[in-house]
Amino acid sequence: MGRKNGVANVIRAALEYNNSEARRWRVSVEMVQACRPQDRPPKRLLIKACGQNLPGFTDDTYPQTWKECIQPMTTPDLVVQDQPGLQPAGGIPQIVNDFSIQIATVNGSGSQSANNVLLRSIFRMGVPVSGKNLFPSNIAGLPTWYTIRVSKDGWVARKTDIDVLIAMNAETAQQDVQSMRPGAAVIYDQSLNLDQVRKDLTYYPVPFDQLAASTGADAKIRKLVKNMVYVGVAAQLLAIDMDWVEKTVRKQFAKKVKAAELNLKAVRAGFDYAASSLTKQDPFVVAPMSATQGKIIIEGNEATAMGAMFAGVTVVTWYPITPSSSVVEDLIDYMKEYRVEPDGKASFAIVQAEDELSAVGMVLGAGWAGARSMTATSGPGISLMAEFAGLGYYAEIPGVIFDVQRTGPSTGLPTRTCQGDLTFIAGLSHGDTKHVMLLPGSVKECFEFATEAFNIAEQMQTPIFVLSDLDLGMNNWMSEPFEYPEKPINRGKVLDAKQLKELGGFARYKDVDGDAIPYRTLPGTDHPAAAYFTRGSGHNEKAQYTERPDDYENNMLRLARKFETAKTLVPKPILEGKGRETIGIIAFGSSHWAVIESRDQLQRESKLGTDYLRIRAYPFTQEIHDFVAQHERVYVVEQNRDGQMLNLLKVDLDPTQVVKLRSVRHFNGLPIDARSITTVIAEQEGAAK
Amino acid sequence: MSTTPATPQPKTNRIGLQILDYRGGKTTLCAGCGHNAISERITEAFYEMGIQPERVMKMSGIGCSSKSPAYFMSRSFSFNSVHGRMPSVATGALLANKTMRSIGISGDGDTASIGMGQFVHLLRRNIPMIYIIEDNGVYGLTKGQFSATADIGSKLKSGVINDLPAIDTCALAIQMGATFVGRSFSGDKKQLSAMLKAAIAHRGTVMLDVISPCVTFNDHEGSTKSYKFMQGHEEPVAEVGFVSHFEDIAVEYDHDTTVDVQLHDGSHLRLRKLHEDYDPTDKVRAMNLLMEAHAKDEVLTGVFYVDTQKPDFTSMLNMVDDPLATLAPERVRPGRDVLAQIMAEHS
């Protein structure tokens with residue numbers, strides 16, 4: 001119970017400080033609950049000290065785990081360091097499969113392989129994991145953090161607390177250590193003397209250079225090998241199965257046997273050192289489970305690339321931009337492997353364009369001429385594509401544009417995540433323009449929606465935007481294996497020469513079927529009546545130039561009706577919960593994983609039941625209207641500053657429903673975490689009051 | 001019974017089509033606009049070469065010039081895109097269907113100002129298409145502002161003098177990698193016709209800068225893109241002759257004075273030298289000629305540069321023979337085994 005005393009002392013210490021200092025601590029309801037009743041500070045004192053930062057305190061007492069309770073907002077102060085109760089002592093209960101590891105390195109140091117080995121070894125032990133890379137917009141030398149969350153409950157969203165730090169970057173080491181919460185463990189290069197920084201952590205100094213040298217690796221690659229040493233140290237300390245580590249290393253270096261052996265040597269050097277020279281003092285361990293059987297680990301961008309390949313994409317254009325480049329880079333690899341015919345010829349064309357204007361221009365040119373075409377980009381590219389997006393909408397040309405969102409405005413934080421392109425894309429381009437957006441929430445949906453986007457684009461004859469984000473696109477996610485697309489490839493309403501002969505001709509923009517989707521022909525169709533004139537200027541049903549008011553209006557009205565038809569083609573939202581709660585949550589995309597964890601927190605901690613609707617496409621279908629209608633308050637969770645989904649909903653919903661909407665926004669560039677959502681909702685709901 | 005008068009058989013080309021089958025809609029450009037003459041020449045060239053209209057894609061950007069695809073070959077597929085961006089659209093269309101022919105009509109504003117970025121990359125890729133700049137030195141649709149091909153010292157109707165140098169799109173095209181580069185004049189029927197037919201026979205980027213006077217905004221005294229100025233300053237580097245692959249090729253020519261270039265489809269370009277230094281297969285000489293002409297205030301016309309060896313972009317991509325656009329599903333969607341294999345790699 002020493003720790004609980006410690007928590008109380010922390011709160012006291014915070015209270016003894018002046019108000020501004022106290023606010024540097026996030027004093028949460030759990031912190032207080034974690035204290036023994038006699039140690040709990042009076043509520044009024046807390047309010048005095050922490051002002052309005054208090055998230056709904058209650059007088060109820062039930063002990064929670066203490067480890068999520070205290071989070072220094074900035075650097076801890078000395079008062080905390082003096083608390084003896086925070087020192088982990090021998091014999092403390094283990095924390096099994098529920099912690100997070102952060103590896104702090106510099107970018108360009110080759111730590112990716114090592115981090116991947118750690119992640120996949122734990123995964124192969126049957127334990128749910130997720131891996132998130134926090135990297136700078138830089139080639140080499142700047143700080144990078146990779147976080148592995150180990151969660152027996154299967155939570156894969158970002159977790160703000162770090163339990164085990166592997167400090168390899170001298171420049172950030174001090175700061176990294178200071179941001180740890182009490183009781184955490186630090187594996188570090190012994191030359192950094194980190195144990196002098198704080199007294200409330202467990203320290204494991206490791207002579208990395210010496211161990212790396214002991215592998216016999218020459219000086220040039222010692223830097224890389226050093227990374228594998230920490231894998232060994234962590235494996236020993238956290239009880240990660242060395243068999244799996246070894247298998248994972250061998251799989252990773254399958255084509256380079258020598259490299260595999262050298263890396264394994266380094267892993268063993270680290271493992272042996274930890275076994276002989278370090279004494280386990282922290283509570284964090286990995287134990288085998290069977291929760292990952294049959295699952296895969298993949299990044300969203302790779303899943304998108306696969307989806308495009310299985311969609312039968314034939315023309316791919318791009319302009320490199322983080323975080324979307326790997327969509328096309330992975331696609332190039334896959335297409336070379338699986339879409340080259342026996343005679344060595346490619347059933348595709350992939351072109352690196354001179355800019356995004358050109359990339360999307362090629363997509364539309366190819367779509368017009370009948371290819372399944374796509375490009376992948378991020379925010380700045382979307383800005384450039386605005387002009388062509390309008391042409392695609394108005395001239396009714398299929399194409400698929402993948403937007404892997406990053407923060408804006410402008411260049412923003414190029415390597416950080418955001419859901420900030422939503423409202424821009426919804427009406428991308430001047431005039432009355434509307435676009436269909438697909439919003440995958442998982443790597444599996446990255447695959448499925450990529451495949452489906454091409455069907456919808458050709459059925460609708462319009463550009464389709466698929467919006468993922470950096471978190472989904474570039475981080476490692478567990479997933480059920482992807483299923484082979486059962487839906488046949490649907491090329492939409494295309495008339496061939498034979499049909500034209502029967503019909504005698506056609507009108508390109510005439511609504512024949514009542515769904516507002518006209519028929520088109522492809523260049524080369526061998527019939528004198530096949531050709532038509534495609535233009536971004538005013539046109540009538542026969543694709544002839546017109547400035548007639550009625551022609552213009554009729555065409556615009558048909559396009560609006562066509563957008564209604566899109567509702568029958570896009571993925572429907574998914575409801576979680578029984579639909580009987582008074583509180584609803586709406587979210588989309590990568591926020592999903594934090595939302596499901598938050599719902600669990602709200603239920604466990606505040607007895608707040610919620611229903612959850614995950615939106616998967618725009619235009620909004622009736623289910624979304626119904627969901628809002630069926631709930632008293634609906635929290636719209638998203639990762640941007642301005643509540644972009646909220647605003648789109650406001651436009652769509654009946655005014656009587658709009659008042660029900662509330663907003664939960666997260667926009668610091670890091671993936672959203674469950675606690676951020678829980679705190680806001682619990683507070684607004686006056687939970688536990 | 002009275003005898004019915006024998007109706008004369010309408011004239012047809014080698015694939016049995018009449019010139020009518022190559023006509024476009026009625027022009028809405030100004031009477032006397034050089035662009036209309038160019039549309040006429042294009043119509044004739046495709047007719048005479050016997051190209052099936054349905055096998056042709058007409059691409060354009062924005063401007064008076066870019067409207068003109070509506071005025072020729074209505075049976076061809078046309079895409080009037082956005083300002084300065086025709087090259088990317090044309091490229092995409094050819095990627096989708098490399099078996100199609102493509103002709104792009106642009107203007108000096110559409111190419112040399114707003115479209116410069118895409119233009120040079122089209123040239124650099126040697127996209128297999130004919131790219132025509134209907135060059136009048138002014139923006140017509142916005143009523144007569146200078147474009148970037150207007151010569152230094154040339155004068156607007158309003159009296160404004162251009163004080164920036166002109167971009168020589170031909171010199172640029174040669175440098176950037178186009179494989180058939182020439183300049184002509186909308187009023188030079190014979191030369192333009194021969195050049196267009198040779199353009200159809202070539203495979204690679206054909207860049208033709210056709211001086212095409214704007215009768216409304218740039219045909220006055222002081223303009224260097226007027227009919228009058230061109231009549232006084234046009235300086236052909238060679239007499240352009242063309243012998244198509246389906247004609248009798250055994251026409252004699254003088255090897256000392258004439259350069260013969262065999263084009264991709266077997267046709268021959270016969271260039272009778274009018275200029276001593278002329279060698280259309282030599283980039284450096286071609287550039288020199290253009291630079292020297294500039295200094296002398298001459299407007300050189302003719303074919304400046306031809307390269308029949310450089311592979312075009314669609315060939316370089318090593319695509320299957322059939323158009324990508326219409327490949328059967330089983331050729332573009334890998335099987336279940338492939339997905340299973342990829343899944344196993346990620347487990």
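Lettering follows sequence order; numbering is per chain, from 1. Side chains included, hydrogens not; waters and symmetry mates left out as well; all remaining heavy atoms used.
Contact of A:F447 with chain B is made through the side chain alone, with heavy-atom distances under 4.5 Å. Residue A:E354 touches chain B through both its backbone and its side chain, counting heavy-atom pairs closer than 4.5 Å. Only the side chain of A:F123 comes within less than 4.5 Å of a heavy atom in chain B; its backbone stays farther off. Heavy-atom distances place no part of B:A340 under 4.5 Å from chain A, backbone and side chain included. With a 4.5 angstrom heavy-atom cutoff, A:R124 touches chain B only via side-chain atoms. For chain B, the nearby parts of A:S358 are the backbone and the side chain; heavy atoms of each come within less than 4.5 Å. Neither the backbone nor the side chain of A:T292 has a heavy atom closer than 4.5 Å to any heavy atom of chain B. For A:M335, no part sits under 4.5 Å from any heavy atom of chain B, backbone or side chain. Contact of B:S76 with chain A is made through the backbone alone, with heavy-atom distances under 4.5 Å.
In this structure, B:H121 NE2 and A:M362 CE are separated by 9.0 Å, a value rounded to the nearest 0.5 Å. Atoms CG and CG, from B:D321 and A:D343 in turn, are 7.0 Å apart once rounded to the nearest 0.5 Å. B:F77 CZ to A:L522 CG: the interatomic distance, rounded to the nearest 0.5 Å, is 8.0 Å.
Judged by distance alone, the side chain of B:R333 and the main-chain N or O of A:A311 form no donor-acceptor pair under 3.5 Å.
A:Y334 places a side-chain heavy atom less than 4.5 Å from the side chain of B:I342. Looking at B:L317 and A:V351, their side chains come closer than 4.5 Å, going by heavy atoms from C-beta outward.
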When you look at B:R336 and A:E483, which way does the salt bridge (Lys or Arg N to Asp or Glu O under 4.0 Å) test go after all the steps? CA-CA 9 Å; B:R336 288 168 193 278; A:E483 284 149 34; over 6 Å; no
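Looking only at heavy-atom pairs under 4.5 Å with chain B, the residue among A:T525, A:V363, A:L364 that has the most is A:T525. The candidate from A:G361, A:A543, A:P523 with the greatest count of non-hydrogen atom pairs under 4.5 Å with chain B is A:P523. Residue with the most contacts toward chain B among A:A395, A:A529, A:A531: A:A531 (heavy-atom pairs, distance under 4.5 Å). Between chain A and the residues B:R85, B:R55, B:Q341, the largest count of heavy-atom pairs under 4.5 Å involves B:R85. Listed options B:S78, B:A325, B:A96 were ranked by heavy-atom pairs under 4.5 angstrom with chain A; first place goes to B:S78. Between chain B and the residues A:A366, A:A371, A:A359, the most heavy-atom pairs under 4.5 angstrom are made by A:A366.
The shortest heavy-atom contact between B:H346 and A:R120 is O-NH1, 3.8 Å. Counting all heavy atoms, side chain and backbone alike, A:A349 lies closest to B:L95 at CB-CD2, 4.1 Å.
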